[in-house]
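Scope of the values below: all heavy atoms of this structure, side chains included, with no hydrogens, waters or symmetry mates. Just so we're on the same page: letters track the sequence lines, and every chain starts at 1.
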There are 2 protein chains.
Amino acid sequence: MLKPKEANSLESRIQSHYAELPPAERRLADLLLGFPGDIATYSASELAEMAGTSNAAATRFFRRLGYKDFSEARRMVRGARSWGSPVYLSAPEDRVRQNSKTVAAHIARETNNVSRTLEALRPDILREAADALIAAKRVFVAGFRNSSVLALYLYRQLSIIRDGVVLVPSVGQTLGEDLAGLNGDDVVVVLGFRRRVAMVETLISVAKRRGAKVLLVADSSATAMPKKPDWSLLCEVRSESPFDSYTAAMSVLNLLCAATFRAGMPTSFERLRDVEALHDELEELDTVNWIASVGMGETDAEDAS
Amino acid sequence: MLKPKEANSLESRIQSHYAELPPAERRLADLLLGFPGDIATYSASELAEMAGTSNAAATRFFRRLGYKDFSEARRMVRGARSWGSPVYLSAPEDRVRQNSKTVAAHIARETNNVSRTLEALRPDILREAADALIAAKRVFVAGFRNSSVLALYLYRQLSIIRDGVVLVPSVGQTLGEDLAGLNGDDVVVVLGFRRRVAMVETLISVAKRRGAKVLLVADSSATAMPKKPDWSLLCEVRSESPFDSYTAAMSVLNLLCAATFRAGMPTSFERLRDVEALHDELEELDTVNWIASVGMGETDAEDAS
DNA sequence: GACACGCTGAAAAATGTTTTCCATTGTCGA
DNA sequence: TCGACAATGGAAAACATTTTTCAGCGTGTC
């Protein structure tokens, strides 16, 4: 096993030692991995307290991670941030070098996309949309091409919160069948990201004509569309690569789900438990079938590693 | 000496006292105005040294600015950061207020998740994985439950870059059929996020036994799995809400696609154009059908809610 | 059960940081 | 030149944090 104990980030150190961490230190690891904010601004004792353990554990933790002491860890974390990303400069090789440049650019772009998108988002619109998603009789979630991925995500999460969520277009159905009986009690969520098909506009028109409310989640090019939805949430999708990035969109959808969940609070909570339990049962069943079909049966099954 | 000003930022305090600062303290002021943000991660002595003055001066400086002592200053700077969100505080209403707090917390968490995840990611692993995705005879992309959303995304993007990409499990197929003939020339990408079904491990075992390479994209809880994939890309998924956030995962996948695209450069580029053109044609056709099936033509067709 | 082992937090010891005190320096006006 | 004054940094004192030590605890093994 390789221990490239050199100049790797705190995160990667935690990950590579995660398996061998005792409980108290693992709590610290979990805390740090999920920490919103700059770790370097906290003292070891504060971190220990937040993780619900003693500061002795904190000392041992950082040492086990390969730092000389806590202050070395702090220095390195601090360094990593202001440097941009010195991630893995151990290999002075050229391709690797260039590669990590690319990664650094990606980091900058993506964090920027996310924070700009979220800061531009209007909480009042979010709230209205969330309320509407709870109040609606049915919710249709529509997305074409790449947006279908996001539609699928939103559909799955909303289905946890409430009944009557429909994914559009669904397999083996025409859009007409999918939208049967659409009316003023319904809400249509349209994921309308770049490279929109004409269908997106059509869909919005039809929905509005039938009196349904429309929530559009899209990139900023959607502002040019003639048909206006009731609410829009705009997401930055530009990327360093030729592939649009739906990172910010994902974040907005997560936030939308959270807001909707909160809006439907008394009901939602129980439902969440129900659905999770149900899923667990169903997935178990599936698992058995799959194992059978792959032919796991007899194997003692060893591989090296 | 009226000082009704309380919770103003470090910057504004410096500004309003700037005129009356003695030289040594002014150097400190200049230093601090110069790098916004990270101040809380430094000790007073460090700041003093950077400003080329004594730490006695630092003490006097922070006191003159109206802080009780240095640690109060540090606390406030740190607080301002996590509180920081100029987002729409126009409405002093209560619900809106609370809502925008939530949004602020979401912003902090999400940007943090993304940058941490990307910083922890090892460029060398990314590169190897990307090369393998190009070199493989076939690429299987597998994801269950929520991970199926990400699998769909990756499948779509990889399909643009190369032939022979297979989404698993596919509708109406057993996993056994999906994986028919899996062998050492193939690569399996497993999206294995939290609430993993047992199938994930099984799949990895089977793939490795057959000699295929395995790339795992998952949250950090996957480090505890006994079966080790050839490469892992770990993503932070924790969120302020009960719903896991796949924002960082999305970003990693986008990066993976970009890297893969670059790895397959000469071929990929032409293919990208082809596929886009093809898509456009197909989608156009679809659109026509859909419009027909929804019945756009004449209807004014109204019902009241 | 007895032992070895590693994990744990409390508290002592070591180390580091901030504040206070004070001697020195430079400036200004008489 | 002198005295008054403010600014300054060095160093000791006061304070805070980190590290080490140590005894207790639980787990697994013989």
Side-chain angles (χ1 to χ4, degrees), chain A residues 1 3 5 10 13-33 35 37-79, chain B residues 1 3 10 13-33 35 37-79 223-224 226:
Chain A
M1 54 170 53
K3 275 279 172 55
K5 49 177 15 275
L10 175 67
R13 288 194 194 208
I14 292 178
Q15 269 149 19
S16 64
H17 290 254
Y18 195 84
E20 65 197 50
L21 291 179
E25 295 177 35
R26 191 165 294 196
R27 283 203 300 283
L28 271 165
D30 289 336
L31 177 79
L32 294 198
L33 284 176
F35 203 84
D38 197 344
I39 293 166
T41 71
Y42 294 82
S43 75
S45 324
E46 286 176 297
L47 294 175
E49 194 187 353
M50 287 186 242
T53 185
S54 68
N55 43 14
T59 296
R60 284 189 286 259
F61 173 70
F62 285 104
R63 180 138 324 161
R64 195 182 315 250
L65 255 41
Y67 297 105
K68 203 168 95 299
D69 56 16
F70 174 72
S71 71
E72 181 180 284
R74 164 182 290 180
R75 265 201 315 282
M76 287 196 166
V77 169
R78 210 158 65 183
Chain B
M1 46 165 292
K3 282 280 172 53
L10 176 68
R13 290 195 192 209
I14 294 178
Q15 300 292 1
S16 64
H17 290 259
Y18 196 83
E20 66 197 53
L21 291 179
E25 297 178 32
R26 191 164 296 194
R27 284 204 301 281
L28 270 166
D30 291 336
L31 177 78
L32 294 199
L33 288 175
F35 59 103
D38 312 74
I39 295 165
T41 76
Y42 293 81
S43 75
S45 321
E46 285 176 298
L47 294 174
E49 192 187 355
M50 286 187 244
T53 184
S54 68
N55 39 16
T59 296
R60 285 190 288 262
F61 173 70
F62 284 105
R63 185 146 313 170
R64 194 183 316 251
L65 255 41
Y67 297 105
K68 200 168 99 295
D69 57 16
F70 176 71
S71 72
E72 181 180 284
R74 164 182 292 181
R75 264 201 314 281
M76 287 194 163
V77 168
R78 201 157 73 179
T223 50

### Message
Between B:Glu49 and B:Glu46, is the side-chain contact (heavy atoms from CB on, under 4.5 Å) condition met? List the steps.
### Response
CA-CA 5 Å; B:Glu49 192 187 355; B:Glu46 285 176 298; 5.6 Å; no

### A:Ala58 backbone acceptor or donor facing A:Asn55 side chain under 3.5 Å
no

### Task
Report the distance from atom CZ of B:Phe62 to atom P of C:dT17, rounded to the nearest whole Å.
15 Å

### Query
If only side-chain N and O atoms of B:Arg27 are considered, is one of them under 4.0 Å from the OP1 or OP2 phosphate oxygen of D:dG9?
yes

#### Entry: Positive for side chain to side chain contact (heavy atoms under 4.5 Å, CB included) with B:Pro22, one of B:Arg27, B:Arg64, B:Arg60
B:Arg64

### Query
Do A:Leu28 and A:Leu21 pass the side-chain contact (heavy atoms from CB on, under 4.5 Å) test, and can you show the C-alpha distance, the side-chain angles, and the key distance before you say yes or no?
CA-CA 10 Å; A:Leu28 271 165; A:Leu21 291 179; over 6 Å; no

### Message
I want to check something: taking the side chain as every heavy atom from C-beta on, are A:Phe61 and A:Thr53 in contact at a cut-off of under 4.5 Å?
### Response
no

#### Entry: CG on A:Leu32 to CD1 on A:Ile39, rounded to 0.5 Å
4.5 Å

### Task
Measure from CZ on A:Phe61 to C1' on C:dC7 and round the result to the nearest Å.
15 Å

Between protein and nucleic acid, restricted to nucleotides 18-22 of chain C and to nitrogen or oxygen atoms under 3.5 Å apart, what atom pairs and distances do you find?
{"from": "C:dT18", "atom 1": "OP1", "to": "B:Ala44", "atom 2": "N", "distance (Å)": "3.1"}
{"from": "C:dT18", "atom 1": "OP2", "to": "B:Ala44", "atom 2": "N", "distance (Å)": "2.9"}
{"from": "C:dT18", "atom 1": "OP2", "to": "B:Ser45", "atom 2": "N", "distance (Å)": "2.9"}
{"from": "C:dT18", "atom 1": "OP2", "to": "B:Ser45", "atom 2": "OG", "distance (Å)": "2.9"}
{"from": "C:dT19", "atom 1": "OP1", "to": "B:Phe70", "atom 2": "N", "distance (Å)": "3.0"}
{"from": "C:dT19", "atom 1": "OP2", "to": "B:Thr59", "atom 2": "OG1", "distance (Å)": "3.0"}
{"from": "C:dT20", "atom 1": "OP2", "to": "B:Arg63", "atom 2": "NH1", "distance (Å)": "2.8"}

### Summary
In whole angstroms, the gap separating P of C:dT17 from CE of B:Met50 amounts to 12 Å

### Task
State whether B:Thr53 places a side-chain N or O below 4.0 Å from either non-bridging phosphate oxygen (OP1 or OP2) of D:dG9.
yes

### Spacing between A:Glu25 atom CD and C:dG6 atom P, to the nearest angstrom
13 Å

### Query
Whole-Å distance between D:dT18 P and A:Glu49 CD?
12 Å

